[in-house]
Novice: 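Quick one: structure below, then a few questions.
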Amino acid sequence: MSSVKVECVVKERCEIGEGPVWEEKEGTLLFVDISGQKIHRWNPATNQKETVATEKFVGCAVPRRSGGYVIGEGRSFGALDWESKSISTIAVIDEDKPNNRFNDGKVDPAGRLFAGTMAMEERPTVLELKQGSLFSLNKDHIVVKHFNQVDISNGLDWSLDHKTFYYIDSLTYTVEAFNYDINTGSISNRRMVYKMDEGEGIPDGMCIDADGRLWVACYNGGRVIQIDPQTGVCLQTVKLPVDKTTSCCFGGRDYSDLYVTSACKGMDEADMAKQPQAGCVFRITGLGAKGIPANSFTG
């Protein structure tokens, strides 16, 4: 087993760092600060970070094949032009639920953006339950609602053969799977593939590796875990020096670096003194696992 190393690479804190995406062309890491209302782009080669501010809480930002990004901001899918820092609305969702906002999102292998909603939190993980839904934005900008009754819509990814969609509704403490139809973007046959162990924390963001195993960031668990969705077994646990680990993605030249975002929102001064790196971004190397390139939105 290679020696696993955890290092803090983006030292400026996010309130709620989330949604990391590796941008292969630029060699940059894209991630958001949800309640800080910022989208960041960090270059590990130069250690330079660029930022665009948003008007509302921003749950996710993903690259767009035609340039720029598509974001989930407040209750809107939006298009972001990075150079001009301008955001235009593509579609509005949850119009009957003004207290909702987008959370995590990811692009499927056919170029659709899947993203879910949740109620605004009173404080971390304290919110009105069953208010969220899972949506997808197609390239023609038509929005599909897949299901509702979600507490905190979170991590999502697709199996390597594109036939399974993996999904996390955080407060169920499970990772679930659905049959996936890549042609239509429809999902069916919901089932549980992993139940969190006592002490592992709350399942948050997630990504898949090149062997088809899932990596799950565990909020309030201070770790990422690697699970085998076929057997429902935890294969590996990597501890981090912060409790509120939020999401992860593979990146770097050969996709062998695991980037992990974290949060500090809701922590008091005593907590922050114990965990001064809360809200920073970490890089884990030596895992013996590799990721796969991120998909871009095609519309």
Side-chain angles (χ1 to χ4, degrees), residues 1-11 17-31 42-45 47 104 106-107 109 154-168 174-177 193-197 199-262 277 280-295:
M1 186 64 202
S2 50
S3 57
V4 174
K5 182 176 158 203
V6 178
E7 55 183 325
C8 178
V9 289
V10 183
K11 296 179 169 64
E18 257 287 3
V21 183
W22 181 256
E23 298 187 89
E24 189 172 278
K25 207 163 72 222
E26 288 82 19
T28 46
L29 184 74
L30 183 77
F31 60 101
W42 174 71
N43 185 326
N47 198 28
D104 207 356
K106 194 168 281 182
V107 179
N154 238 322
L156 53 178
D157 217 329
W158 289 264
S159 62
L160 303 179
D161 66 4
H162 308 162
K163 288 179 177 167
T164 307
F165 168 60
Y166 298 110
Y167 177 71
I168 290 169
T174 58
V175 179
E176 294 177 298
V193 294
Y194 186 76
K195 179 84 178 167
M196 301 295 280
D197 264 356
E200 279 184 337
I202 302 170
D204 201 326
M206 158 174 75
C207 67
I208 198 161
D209 67 24
D211 296 316
R213 272 70 185 261
L214 298 171
W215 292 80
V216 181
C218 306
Y219 185 85
N220 285 348
R223 67 192 71 190
V224 290
I225 57 173
Q226 182 195 31
I227 62 174
D228 183 341
Q230 305 306 318
T231 60
V233 171
C234 177
L235 303 171
Q236 204 178 156
T237 299
V238 182
K239 298 262 179 82
L240 285 94
V242 295
D243 284 342
K244 296 183 186 298
T245 38
T246 53
S247 191
C248 53
C249 79
F250 282 95
R253 261 205 311 267
D254 59 356
Y255 286 92
S256 61
D257 301 338
L258 186 70
Y259 285 99
V260 183
T261 50
S262 70
Q277 294 173 324
C280 298
V281 178
F282 298 84
R283 179 169 57 211
I284 306 175
T285 50
L287 286 169
K290 286 185 179 183
I292 57 173
N295 304 308

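We use all heavy atoms of the structure for the numbers below, so side chains are in, but hydrogens, waters and symmetry mates are not.
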Novice: Below 4.5 Å, heavy atoms only, C-beta onward: do Ile168 and Thr174 meet side chain to side chain?
Specialist: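 Sidechains of Thr174 and Ile168: no contact.
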Novice: Please report the interatomic distance CD(Gln226) to CG(Leu235), rounded to the nearest 0.5 Å.
Specialist: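 It comes to 5.0 Å.
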Novice: What is the minimum heavy-atom distance between Gly232 and Tyr194, and which atoms define it?
Specialist: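 Distance-wise, the nearest heavy atoms are O-CD1, 3.3 Å.
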Novice: Apply side chain to side chain donor-acceptor pair (under 3.5 Å) to Asp204 and list each qualifying residue two or more places apart in sequence or on a separate chain.
Specialist: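 With sequence neighbours excluded, Asp204 shows a side chain to side chain donor-acceptor pair (under 3.5 Å) to Asn154, given in chain and number order.
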Novice: Decide whether Thr246 and Thr261 meet the rule of one side-chain donor and one side-chain acceptor closer than 3.5 Å.
Specialist: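 Looking only at side-chain atoms, Thr261 and Thr246 do form a donor-acceptor pair, the distance falling under 3.5 Å.
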Novice: Within this structure, what is the OG-CG distance for the pair Ser3 and Leu287, rounded to the nearest 0.5 Å?
Specialist: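 So the gap between those two atoms works out to 10.5 Å.
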Novice: Is there a side-chain contact (heavy atoms from CB on, under 4.5 Å) between Met206 and Tyr167 once you walk through the steps?
Specialist: CA-CA 8 Å; Met206 158 174 75; Tyr167 177 71; 5.6 Å; no
Novice: Give the intermediate values and the outcome of side-chain contact (heavy atoms from CB on, under 4.5 Å) for residues Thr285 and Val4.
Specialist: CA-CA 6 Å; Thr285 50; Val4 174; over 6 Å; no
Novice: Would you say the side chain of Arg283 lies within less than 4.5 Å of the side chain of Cys8, judging by non-hydrogen atoms?
Specialist: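 Result no, sub-4.5 Å side-chain heavy-atom pair not found.
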Novice: Distance check, rounded to the nearest 0.5 Å: Lys106 atom NZ versus Asn295 atom CG?
Specialist: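 Atom-to-atom, Lys106:NZ and Asn295:CG are 9.5 Å apart.
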Novice: Yes or no on side-chain contact (heavy atoms from CB on, under 4.5 Å) for Asp104 and Glu18, after CA distance, side-chain angles and deciding distance?
Specialist: CA-CA 8 Å; Asp104 207 356; Glu18 257 287 3; 4.1 Å; yes
Novice: Is there a side-chain contact between Met196 and Ile225 (heavy atoms, below 4.5 Å)?
Specialist: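 Yes, their side chains come closer than 4.5 Å.
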Novice: Within a radius of less than 6.0 Å around NZ of Lys239, do more than 12 heavy atoms belonging to other residues, nucleotides or ligands occur?
Specialist: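 Not more than 12 within 6.0 Å, no.
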Novice: If we only count heavy atoms from C-beta on, is the Leu156 to Phe165 side-chain gap below 4.5 Å?
Specialist: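 Yes, side chains in contact.
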Novice: Quick one: does Val281's side chain get under 4.5 Å of Leu29's, heavy atoms only?
Specialist: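 A side-chain contact exists here, since the closest heavy-atom pair is under 4.5 Å.
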Novice: Please walk me through it: do Val233 and Ile227 pass side-chain contact (heavy atoms from CB on, under 4.5 Å)?
Specialist: CA-CA 6 Å; Val233 171; Ile227 62 174; over 6 Å; no
Novice: Could you pull out all donor-acceptor pairs under 3.5 Å where a side-chain atom in residues 211-222 meets a protein atom, sequence neighbours excluded?
Specialist:
| from | atom 1 | to | atom 2 | distance (Å) |
| --- | --- | --- | --- | --- |
| Trp215 | NE1 | Asp209 | OD2 | 2.9 |
| Tyr219 | OH | Lys244 | NZ | 3.4 |
| Asn220 | OD1 | Lys244 | NZ | 3.0 |

Novice: Are any non-hydrogen side-chain atoms of Tyr259 and Cys248 less than 4.5 angstrom apart?
Specialist: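 Counting from C-beta outward, Tyr259 and Cys248 never come under 4.5 Å.
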Novice: Do Arg223 and Glu200 touch side chain to side chain, with heavy atoms closer than 4.5 Å?
Specialist: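 SC-SC contact between Arg223 and Glu200 confirmed.
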Novice: On a heavy-atom basis, which atom in Val6 and which in Pro241 lie closest, and how many Å separate them?
Specialist: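 Nearest heavy atoms, Val6 then Pro241: CG1-CD, 4.2 Å.
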Novice: Taking the side chain as every heavy atom from C-beta outward, state whether Asp257 and Ile284 have any atom pair closer than 4.5 Å.
Specialist: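 No. Closest side-chain heavy atoms not under 4.5 Å.
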Novice: Under the 3.5 angstrom rule, does the side chain of Ser262 hit a backbone N or O of Thr245 as a donor-acceptor pair?
Specialist: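 Checked: no pair found.
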Novice: Is the distance between the ring centroids of Trp22 and Phe250 under 6.0 Å?
Specialist: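 Trp22 vs Phe250: aromatic centres not under 6.0 Å.
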Novice: Who are the side chain to side chain donor-acceptor pair (under 3.5 Å) partners of Glu176, not counting sequence neighbours?
Specialist: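 In terms of side chain to side chain donor-acceptor pair (under 3.5 Å), with neighbours along the sequence ignored, Glu176 is linked to Arg190.
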Novice: Report the distance from atom SG of Cys280 to atom CG of Leu240, rounding to the nearest 0.5 Å.
Specialist: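 Spacing of SG (Cys280) from CG (Leu240) equals 11.5 Å.
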Novice: So how far is it from Tyr255 OH to Cys249 SG, rounded to the nearest 0.5 Å?
Specialist: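 Interatomic distance, Tyr255 OH to Cys249 SG, rounded to 0.5 Å: 9.0 Å.
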Novice: For residues Cys207 and Asp157, report the shortest heavy-atom separation together with the two atoms involved.
Specialist: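 Where Cys207 meets Asp157 most closely, the heavy atoms are CA-OD2, 3.4 Å.
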Novice: To the nearest 0.5 Å, how far apart are CD in Gln230 and OG in Ser159?
Specialist: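 Spacing of CD (Gln230) from OG (Ser159) equals 8.5 Å.
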